[in-house]
Amino acid sequence: MASVVWLEEVGKEDLSIVGGKGASLGEMINIGVPVPGGFAVTAQAFREFINKAGIAKKLFEALNVDVNQEAQLLKAEETAKRLIMSAKVPADIEKAIKSRYNELCEREGEAVFVAVRSSATAEDLPDASFAGQQETYLNVRGADDVFNSVRKCWASLYGARAIFYRAEQGFEHDKVNLSAIVQKMVDSEKSGVMFSSQPSTGEPLVVIEAAWGLGESVVSGSVSPDNYVVDRAKKSVVSKLIAAKEIMIIRDPKTQKTVTVTVPAEKREAVVMNDTELVELARYAEILEEHYGIPQDIEWGVEKGKIYILQSRPITTISKAKAVSETAASGNILVSGLGASPGSATGIVKVISSGKDLDKIKQGDIMVTKMTMPDMVPGMRRAGAIVTDEGGMACHAAIVSRELGCPAVVGTKKATEFLKDGMEITVDGRRGMVYEGRVAATEKPAVAAATQVAVSKPVTATEIKVNISEPDRAGAAAATLADGVGLLRIEHMILGLGKTPNWYIKNGKTDVYIDELVKSVKTVADAFYPRPVWVRTLDAPTDEFRAMEGGEGEPLEHNPMLGWRGIRRDLTETEHFRLEVRAFKKLHELGATNVGIMLPMVQHVKELRAAKEIMMDEGLDLEKIDVGIMVETPGAALTIEDFIEEGLDFVSFGTNDLTQYTLAVDRNNENVAGLYTEMHPGVIKLIEYVVERCNEAGVTTSICGQAGSYPEMAKRLVEIGITSISANIDAVATVRETVARAEKILMLKALRERN
Ligand code: PEP
Ligand code: MG
């Protein structure tokens with residue numbers, strides 16, 4: 001058996017030679033898909049090295065430890081890696097690797113940068129998956145460095161995590177082999193992902209997401225990509241949504257490291273892909289789906305105008321319901337709580353006590369924490385799932401996870417006590433269960449998986465809007481074709497700055513603060529223009545500010561939920577409110593005329609009046625900008641006539657709060673979570689009362705609490721006569737369908753009654 005093989009020389013029958021990754025790349029090349037060139041150092045070369053170097057016995061003996069004993073496990077890793085890194089590699093193997101790299105450079109016409117990846121394989125179970133267990137080395141150049149990286153890949157077969165995993169799964173260490181894949185790096189000027197079929201419906205539509213630079217920004221969700229849909233049969237582009245792309249990841253020409261930079265202004269809102277490129281991409285997607293016989297989730301990049309397919313794997317969402325029930329069928333439950341964000345994921349536990357620990361969270365790890373805080377959002381993006389001790393369906397972790405499409409279980413009471421760093425667990429965010437180890441098939445998170453591009457949607461008389469908290473989800477939100485944004489929360493953006501608004505005021509940096517607000521809101525306003533975007537003024541409880549720079553003096557309140565938040569705070573700290581108003585003014589001046597202002601936690605008409613006075617004093621033209629209130633206190637609901645008389649453009653039910661204040665049930669307290677329901681007749685009566693009064697007066701009504709995402713509530717609200725419903729990104733399609741049906745039933749009923 002040769003020590004090295006070109007990727008085009010292998011296929012799916014060669015799993016035992018080049019592992020799953022190598023075989024899949026070879027397979028793609030052979031069906032005409034443009035995969036970056038490269039070669040594999042075979043699993044047999046690795047085995048020959050161990051045997052000829054005479055380290056096999058020592059190596060496998062060293063691995064024979066109790067993997068649950070951290071010290072023993074680390075010792076095994078250290079010994080095994082030392083053996084691999086110091087033993088003599090047979091000269092013919094070393095020579096074969098180096099000269100094959102040089103040949104690759106000749107083929108490519110330059111000294112290429114390569115990625116060296118591990119592709120592990122088990123002798124008796126060649127298609128066993130060890131994905132993510134071993135290392136990858138990027139941006140490697142030169143024959144010596146390539147050879148060293150191959151050796152490091154071999155050594156990574158004996159990392160503590162990999163040893164632990166194999167022992168737990170019952171694989172014998174000496175039966176697991178490793179092939180190293182050496183493949184040209186694509187220095188993409190633009191890149192992205194695509195689904196070969198519409199991921200939520202299975203229709204033959206290729207859904208493509210694209211952004212500038214390397215693909216990590218799209219894969220990790222750190223940028224809002226453009227969204228395109230190509231009809232496979234017609235070979236034409238049927239939908240395009242161009243996002244504001246703020247950042248891109250590129251390879252720094254000096255250091256060769258990947259760096260995140262801001263996108264030059266002229267490219268920020270430019271279309272990333274032209275129609276010819278999109279149709280070509282769609283053709284590859286179709287070839288891959290036909291070849292594998294199942295819809296594919298594909299990563300791609302474009303370098304010097306040439307398209308490369310970087311990875312293809314099956315979409316796991318289309319048979320979602322089945323996957324979830326399998327997950328629930330087996331496994332030892334470690335903790336349980338509220339299923340706050342659907343989807344399930346398996347990963348390694350990382351317990352986090354503050355935003356300072358975030359580096360611990362690597363892509364796909366499970367974040368376990370008491371309660372998430374806004375400064376943890378970057379880690380939440382990388383997390384495969386989130387588990388918290390505290391919280392209910394409307395806590396920070398629940399809201400942000402749903403928006404990021406990350407499975408989450410909240411309010412487990414004891415996750416941080418029972419789950420320990422390094423444990424492998426499976427989180428089922430629909431059922432609220434956390435299982436030990438890897439449990440059966442897993443369901444992918446709804447938002448990330450489905451991308452939720454709505455290409456055809458039922459027309460509804462009731463408008464269907466979407467809620468957003470993270471501006472970089474604007475692209476995904478707009479792709480739902482929602483009729484607008486019914487709630488843009490700004491506190492997550494502000495808290496994410498790490499400094500309180502007062503810090504900016506005290507340090508004379510109010511311009512910076514206004515600019516940050518304008519930038520974030522504009523991203524969303526642009527993605528939706530001319531559809532309305534209702535931006536809510538700041539509504540952060542004091543306990544969330546306290547942890548931030550500038551938050552040292554925040555008052556200690558017995559019950560921050562009933563405390564100094566929302567409009568009541570802004571009307572006592574008017575200096576801050578004025579900054580928000582100036583940001584709104586600037587947004588309108590910049591053309592974001594679809595931005596409306598929504599005031600939170602209002603309980604008396606005096607508050608609306610006072611807020612309007614300040615707006616006018618700042619020169620805001622209230623004829624041109626929509627101003628409304630959130631109805632989230634029974635006080636506001638029961639005096640809605642006063643607000644109508646004072647004058648307002650819309651009201652929106654904040655049912656998360658309206659429910660807690662009507663039922664006296666703390667929304668963040670897992671001990672009373674069982675009593676918390678927005679369907680309580682008391683809450684419904686308040687909503688009904690407000691909608692009737694507003695309908696009489698011609699004032700628009702909406703809902704932006706979590707309940708708007710529940711079909712049961714959506715149906716009830718249509719019957720009550722609400723004007724619009726704003727749902728979470730992942731719920732827009734379902735709510736739209738529910739509303740369409742509810743409206744038809746009402747019409748049918750009316751017709752029948754008339755006849
Ligand atoms: C609500 O109370 O329903 C709401 C949407 O606001 P928040 O969840 O941010 O309090
Ligand atoms: Mg609220």
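Atoms within a ligand are numbered from 1 in the order they appear, just like the ligands themselves. Heavy atoms only: backbone and side chains are in, while hydrogens, waters and symmetry mates are out.
For His576 and Tyr513, the ring centers sit closer than 6.0 Å to each other.
No other N/O/S atom of Glu632 lies as close to the Mg ion (ligand 2) as OE1 does.
Of the candidates Glu491, Arg536, Met601, Met598, the one placing a heavy atom closest to atom 9 (O) of ligand 1 is Arg536.
Contacts between Leu487 and ligand 1 below 4.0 angstrom, taking non-hydrogen atoms only, involve the side chain exclusively. By the criterion of a heavy-atom distance under 4.0 Å, neither the backbone nor the side chain of Gln706 is placed next to ligand 1. Neither the backbone nor the side chain of Met561 has a heavy atom within less than 4.0 Å of ligand 1.
Of the N or O atoms in Arg667, one or more lie within a sub-3.5 Å distance of an N or O in ligand 1. Considering backbone and side-chain atoms together, Arg489 places an N or O closer than 3.5 Å to an N or O of ligand 1.
The Asp657 neighbourhood of ligand 1 comprises atoms 1 (C), 2 (O), 3 (O), 10 (O), with distances under 4.0 Å to a heavy atom of that residue. Near Gly654, with a cut-off below 4.0 Å to any heavy atom, the atoms of ligand 1 are 1 (C), 2 (O), 3 (O). Close approach to Asn656 involves these atoms of ligand 1, each under 4.0 Å from a residue heavy atom: 1 (C), 2 (O), 3 (O), 4 (C), 5 (C), 8 (O). Here is the list of ligand 1 atoms found below 4.0 Å of a heavy atom in Arg565: 10 (O). With ligand atoms numbered from 1 in the order given, ligand 1 contributes 5 (C) to contacts under 4.0 Å with heavy atoms of Cys704. Here is the list of ligand 1 atoms found below 4.0 Å of a heavy atom in Met630: 4 (C), 5 (C), 6 (O).
Asp649 contributes no side-chain N or O that, together with a main-chain N or O of Gly628, makes up a donor-acceptor pair within less than 3.5 Å. Panel note: side chain Tyr676, backbone Asn656; a donor-acceptor pair is recorded below 3.5 Å. Here the side chain of Gln660 pairs a donor or acceptor atom with the backbone of Arg667 at under 3.5 angstrom. In this structure, Glu552 contributes its side chain and Gly550 its backbone to a donor-acceptor pair below 3.5 Å.
Considering NZ of Lys465 and CZ of Arg736, their distance stands at 13.0 Å, rounded to 0.5 Å.
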Please assess Glu390 against Lys413 for the test salt bridge (charged side-chain N to carboxylate O under 4.0 Å, His left out), listing each intermediate value before the final yes or no. CA-CA 6 Å; Glu390 299 171 355; Lys413 297 185 185 166; over 6 Å; no
May I have the step-by-step check of salt bridge (charged side-chain N to carboxylate O under 4.0 Å, His left out) for Arg569 and Glu554, ending in yes or no? CA-CA 12 Å; Arg569 177 166 186 154; Glu554 284 292 313; 2.9 Å; yes
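Residue contact annotation: Asp657 places an N/O/S atom under 2.8 Å from the Mg ion (ligand 2).
In summary, Glu580 and Arg536 do not engage in a salt bridge, as defined by a charged side-chain N under 4.0 Å from a carboxylate O.
Residue contacts with ligand 1: His492 is excluded, as none of its non-hydrogen atoms falls under 4.0 Å.
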